[in-house]
There are 2 protein chains.
Amino acid sequence: MQIDILKVKTQVLCGDEFAMGPGKAALLDAIDQEHSISGAGRRLGMSYRRTWLLVDSMNRCWKQKLVETLAGGGKERGARLTDTGRAVLKAYRDIEAKMLRSVDGKALAEMRDLLRDQPLPASASAKAVISTE
Amino acid sequence: MQIDILKVKTQVLCGDEFAMGPGKAALLDAIDQEHSISGAGRRLGMSYRRTWLLVDSMNRCWKQKLVETLAGGGKERGARLTDTGRAVLKAYRDIEAKMLRSVDGKALAEMRDLLRDQPLPASASAKAVISTE
């Protein structure tokens, strides 16, 4: 989520795994639109493997699956969000929306005033530190 | 910043670089306590090189330096935050604090109810996808 000069990343932890985050939420949105896991992956420019692993990770972190594949013939049987999938996605988006509205405008304006448009080039001494590595 | 099951990361963008973020804010805190860049790095368990590059990056992204080294003899001349450094750190912490207070308790409780304590092990089919890579 980007807000002016701020980038804010919210993730939900389940043990050492991330049960939800920006990429997984985008994937749920795409599955909801494409009715297909592979179609959702293509829409997001992700490999089939990565798409599949993200779905598997979500399905293992929550008490109920977030994505279910539909029975039936054909190569692409289709997929959809479960009720739990919709509930988790909505709760995640609600938290993001409230964070967005919480951003302290005064503090943000102060930082924007102090920030360059682009960083200066790396200093000679920093390059020296790098080159000795 | 961790809030119950949520991990929230806020970064300030300057072009393609991050002008501020959790690691850089922690480094500013440590420099303020140690009065030394290398001492701050040791406190945080970072290599001298990494510590130095983070300071250099911050000093290039903002219109004024955030950290200044002090003139004088000896191997460790010492370092301190500039007024701009203190202002940026405070604005960043203010934004984080407001975000923390903004977290939607209802949405968070809903997610906690639906989340497992630990993820299930990776499914056999996910392992198959990995092993064909």
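Lettering follows sequence order; numbering is per chain, from 1.
Heavy-atom pairs under 4.5 Å with chain B peak, among A/Thr10, A/Thr84, A/Asp16, at A/Thr10. For the set A/Gln2, A/Gln11, A/Lys90, the entry with the most heavy-atom pairs within less than 4.5 Å of chain B is A/Gln11. With chain A as partner, the option from B/Met20, B/Met1, B/Lys7 having the largest number of non-hydrogen pairs under 4.5 angstrom is B/Lys7. Looking only at heavy-atom pairs under 4.5 Å with chain B, the residue among A/Cys61, A/Ala107, A/Ala87, A/Ser47 that has the most is A/Cys61.
The CE atom of A/Met99 sits 13.0 Å away from the CD1 atom of B/Ile95 when rounded to the nearest 0.5 Å. Residue A/Lys98 holds its NZ atom at 9.0 Å from NZ of B/Lys106, rounded to the nearest 0.5 Å. Within the model, atoms CG of B/Asp113 and CH2 of A/Trp62 stand 10.5 Å from one another, a figure rounded to the nearest 0.5 Å. Distance check: A/Ser102 OG to B/Asp104 CG gives 12.0 Å after rounding to the nearest 0.5 Å.
A 6.0 Å sphere centred on CD of B/Gln33 holds more than 12 heavy atoms belonging to other residues, nucleotides or ligands. Counting non-hydrogen atoms of other residues, nucleotides and ligands closer than 6.0 Å to CZ of A/Arg93 gives a total above 12. Crowding of B/Arg43 atom CZ: a count of heavy atoms from other residues, nucleotides or ligands under 6.0 Å exceeding 12.
Within the 4.5 Å cutoff, the side chain of A/Glu17 has heavy atoms near those of the B/Pro119 side chain. For the pair A/Lys63 and B/Leu114, the minimum side-chain heavy-atom distance is 4.5 Å or more. For the pair A/Leu13/B/Leu6, no side-chain contact is recorded, criterion being any heavy-atom separation below 4.5 Å from C-beta on.
No continuous path of ILVMFWY side-chain contacts below 4.5 Å connects A/Leu53 to A/Phe18, so the two sit in separate hydrophobic clusters. A continuous path of hydrophobic side-chain contacts links B/Val67 to B/Leu27 [ILVMFWY only; heavy atoms under 4.5 Å]. A single hydrophobic cluster is not seen to contain both B/Trp52 and B/Met58; linkage of ILVMFWY side chains at heavy-atom distances under 4.5 Å, directly or through other members, places them apart. B/Leu70 is not connected to B/Val55 by any chain of hydrophobic side-chain contacts under 4.5 Å among Ile, Leu, Val, Met, Phe, Trp and Tyr, and they are in different clusters. At a threshold of 4.5 Å between side-chain heavy atoms, the hydrophobic network of Ile, Leu, Val, Met, Phe, Trp and Tyr places A/Met46 and A/Tyr48 in two separate groups.
Residue A/Glu96 does not touch chain B at all, counting heavy-atom pairs closer than 4.5 Å. Residue A/Val103 touches chain B through its side chain alone, counting heavy-atom pairs closer than 4.5 Å. Neither the backbone nor the side chain of A/Asp4 comes within contact range of chain B, judged by heavy atoms closer than 4.5 Å.
Residues A/Ala122 and B/Asp56 come closest through the heavy atom pair CA-OD2, 4.1 Å. The two residues A/Arg60 and B/Arg116 have their closest heavy-atom pair at O-CD, 3.2 Å. Here the shortest heavy-atom pairing between A/Val12 and B/Met111 reads CG2-CE, 3.8 Å.
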